[in-house]
Student: 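One structure, pasted below without further comment.
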There are 2 protein chains.
Amino acid sequence: MDGVKSLKLPKVKRQELLKETIEQTPFITDEELAKKFSVSIQTIRLDRMELSIPELRERIKSVASHQWNETVRALPLEDVIGEIVDLELDKRAISILDISQEHVFSRNNIARGHHLFAQANSLAVAVINDELALTAKSELKFTRQVKQGERVVAKAFVEGDNDKGLTIVHVDSFVDNEKVFTGVFYMYRTAEEKGES
Amino acid sequence: MDGVKSLKLPKVKRQELLKETIEQTPFITDEELAKKFSVSIQTIRLDRMELSIPELRERIKSVASHQWNETVRALPLEDVIGEIVDLELDKRAISILDISQEHVFSRNNIARGHHLFAQANSLAVAVINDELALTAKSELKFTRQVKQGERVVAKAFVEGDNDKGLTIVHVDSFVDNEKVFTGVFYMYRTAEEKGES
DNA sequence: ATTACTATTAGTACCAAGTCATAATTACGG
DNA sequence: CCGTAATTATGACTTGGTACTAATAGTAAT
């Protein structure tokens, strides 16, 4: 099929392609890779080692767990938009999100509001120490435009519960200490603070 | 850990629980299941057969490939979220969004708030007859949970401008005529109210 | 009690897709 | 031609299974 022209690639080149190939189609076995590059399985395995690419099953697992992370029951970190850099359940959390091309309007390079919201909202969910946390209500303000290339730091802190049992979480987002977004999230939670299955 | 009380469950009951358990945590091995239910591995395997539940690796694979298929670099937060079915600039707009797997929390199949927000927010942006429209402020309420498989219809109508020159857009989202989300968006615009591109 | 049947457990051989370690072979540059 | 790097081969072992066979325990019916 997509044979490699019988030209035996030099090692580095092959490894580059190998990496790409696996990134694109992580479900490929060493055997198939060996055929594809016309080398032995062992060579592929050496390559994987040198590139520290895990084996098929681990790759599949990691792809799968992105969607269905088992640790979600404890901490939905995988589901968070942005990257969590600090987290103390039911107290506070911080995440960062680098605004890249896919977050902005193509015309003016300004970040689209829903990404800032998503970052803040998912942080509010993550900070809640509960399996089921949902946003019931929120008030937001976008105080400054965020441009492509900027790094948004969202800081959440849990204020406590209101009369209706909703947990109030404040999230403020900054770019270089300048506030770009502020929001209050009223979170619904199962309130069964612990018991698992 | 979460042993099953040494009470040996009847077969049917065990199989029910088995099914649930696997649905919830598909990464569990037969061995772990055997321990959990205090039966032998073989029993678990018989159970799986009778329930036609595939083995661990197949389960993982299917979870992974599901995700992979949907992830063909078509991220949910990209263009206009949802599909616009009606639009009269500076007046009203309607969009629909079918809630699928990628919109929900894996644990409970409830749609994540930021998707509803994204749909509403991008609709609010779209309805503004201006090249540059940004959300300055908004107030939202999530009035009902939305589950996977449901179709969310978001309806936006432009109320007008407030004293600060922000355009006020109301967006209400429904599933089967039941309101699931309501929001007011205060939109910043360049104010050059005119033709489009 | 004997039979019948279901449920459960045990044990074997086998498989895929690996790891790990060791050795042999080939390729290539100086 | 020699030395080193790259590649290939080989074998033992691992996980998490399938497929199949056989044995055992428990219960109900006759």
Side-chain angles (χ1 to χ4, degrees), chain A residues 1-71 197, chain B residues 1-68:
Chain A
M1 312 300 177
D2 44 356
V4 185
K5 299 251 152 41
S6 74
L7 283 177
K8 270 216 173 178
L9 304 145
K11 189 181 177 184
V12 278
K13 193 71 191 159
R14 184 191 60 229
Q15 291 192 338
E16 272 174 39
L17 285 177
L18 184 72
K19 202 177 163 189
E20 273 178 45
T21 304
I22 291 178
E23 261 162 31
Q24 276 173 17
T25 60
F27 301 110
I28 196 167
T29 64
D30 286 358
E31 200 178 4
E32 292 171 308
L33 287 166
K35 257 173 212 149
K36 187 175 186 112
F37 292 102
S38 318
V39 294
S40 71
I41 283 195
Q42 286 79 354
T43 300
I44 295 295
R45 290 181 177 160
L46 282 175
D47 285 349
R48 274 202 297 101
M49 268 194 204
E50 287 175 24
L51 301 169
S52 38
I53 295 172
E55 59 152 308
L56 171 67
R57 288 146 177 157
E58 295 309 314
R59 294 195 304 264
I60 291 179
K61 242 183 267 177
S62 83
V63 168
S65 62
H66 260 261
Q67 221 259 323
W68 204 304
N69 196 349
E70 281 183 287
T71 66
S197 54
Chain B
M1 317 320 159
D2 43 357
V4 184
K5 297 260 152 35
S6 75
L7 281 178
K8 272 219 173 177
L9 304 147
K11 189 181 177 183
V12 277
K13 194 70 192 158
R14 185 192 58 230
Q15 292 192 339
E16 274 174 37
L17 285 178
L18 183 73
K19 201 176 164 190
E20 273 178 45
T21 305
I22 291 178
E23 261 163 29
Q24 276 175 13
T25 60
F27 301 107
I28 195 167
T29 64
D30 287 357
E31 200 178 6
E32 292 171 307
L33 287 166
K35 258 174 213 150
K36 184 171 187 119
F37 291 104
S38 316
V39 293
S40 70
I41 282 195
Q42 286 79 354
T43 301
I44 296 296
R45 290 182 174 159
L46 282 175
D47 286 350
R48 272 201 299 102
M49 270 194 203
E50 287 175 24
L51 301 169
S52 38
I53 296 171
E55 60 151 309
L56 171 67
R57 288 150 181 158
E58 296 309 314
R59 294 193 306 262
I60 292 178
K61 241 182 267 176
S62 84
V63 169
S65 61
H66 249 98
Q67 217 227 327
W68 198 251

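Below, chains carry the letters A, B, ... as their sequence lines are ordered, and counting in each starts from 1. Computed over heavy atoms, backbone and side chain alike; hydrogens, waters and symmetry mates excluded.
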Student: I want to check one thing: is the phosphate of dT9(C), taken as OP1 and OP2, less than 4.0 Å away from some side-chain N or O of Arg45(B)?
Tutor: no
Student: What closest approach, in Å, do Ile22(B) and Ile53(B) show between heavy atoms, and which atom pair accounts for it?
Tutor: CD1-CG2, 3.9 Å
Student: Just N and O in the side chain of Thr43(B): are any of them under 4.0 Å from OP1 or OP2 of dT8(C)?
Tutor: no
Student: Counting any heavy atom closer than 4.0 Å, what does Glu55(A) reach on the DNA or RNA strands: base, sugar-phosphate only, or nothing?
Tutor: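 Answer is sugar-phosphate: Glu55(A) comes under 4.0 Å of backbone atoms only.
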Student: In whole angstroms, how far is the P atom of dT14(D) from the CD atom of Glu58(A)?
Tutor: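 So the two atoms are 17 Å apart, to the nearest Å.
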Student: Roughly how many Å is it from CG in Leu46(A) to P in dC20(C), rounded to a whole number?
Tutor: 12 Å
Student: Which whole-number value in Å describes the distance from Met49(B) CE to dG17(D) C1'?
Tutor: 10 Å
Student: Considering all heavy atoms of both residues, which atom of Leu51(B) and which atom of Gln15(B) are nearest to each other, and what is their separation?
Tutor: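 Residues Leu51(B) and Gln15(B), closest heavy atoms: CD1-O, 3.6 Å.
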Student: Looking only at heavy atoms, what is the nearest atom pair of Ile41(A) and Ala34(A), with distance?
Tutor: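 So the minimum-distance heavy-atom pair works out to N-CB, 3.8 Å.
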Student: Counting side-chain heavy atoms from CB outward, which of dG17(D), dT19(C), dG11(C) is closest to Gln42(B)?
Tutor: dG11(C)
Student: Quickly work out the Leu33(A) CG to dA17(C) C1' distance and round it to whole Å.
Tutor: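 Answer to the nearest Å: 12 Å.
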Student: Take Lys13(A) and Glu16(A), measure what salt bridge (Lys or Arg N to Asp or Glu O under 4.0 Å) needs, and give me the verdict at the end.
Tutor: CA-CA 5 Å; Lys13(A) 193 71 191 159; Glu16(A) 272 174 39; 3.7 Å; yes
Student: Rounded to whole Å, how long is the line connecting atom CZ of Arg14(A) with atom C1' of dT7(D)?
Tutor: 8 Å
Student: What is the distance from CG of Leu18(B) to C1' of dT8(C), rounded to the nearest Å?
Tutor: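 Atom CG in Leu18(B) sits about 15 Å away from atom C1' in dT8(C).
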Student: Measure the distance from CZ on Phe37(B) to C1' on dT8(C) and round it to the nearest whole Å.
Tutor: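 Result: 16 Å.
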Student: If every non-hydrogen atom of Leu18(B) is compared with every non-hydrogen atom of Arg48(B), which pair is closest and at what distance?
Tutor: CD2-N, 4.3 Å
Student: Would the base of dA16(C) count as contacting Arg57(A) through its side chain, where contact means a donor and an acceptor less than 3.5 Å apart?
Tutor: yes
Student: Whole Å only: how far is the CD atom of Glu50(B) from the P atom of dT18(D)?
Tutor: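 The answer, rounded to whole Å, is 14 Å.
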Student: Under 4.0 Å between any heavy atoms, over every strand shown, what does Ile41(A) touch: base, sugar-phosphate, or nothing? Just pick one.
Tutor: nothing
Student: Taking only the side-chain heavy atoms of Val39(B) (C-beta and beyond), determine which of dG16(D), dT9(C), dT8(D) contains the nearest atom.
Tutor: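 In terms of side-chain proximity for Val39(B), the closest of dG16(D), dT9(C), dT8(D) is dT9(C).
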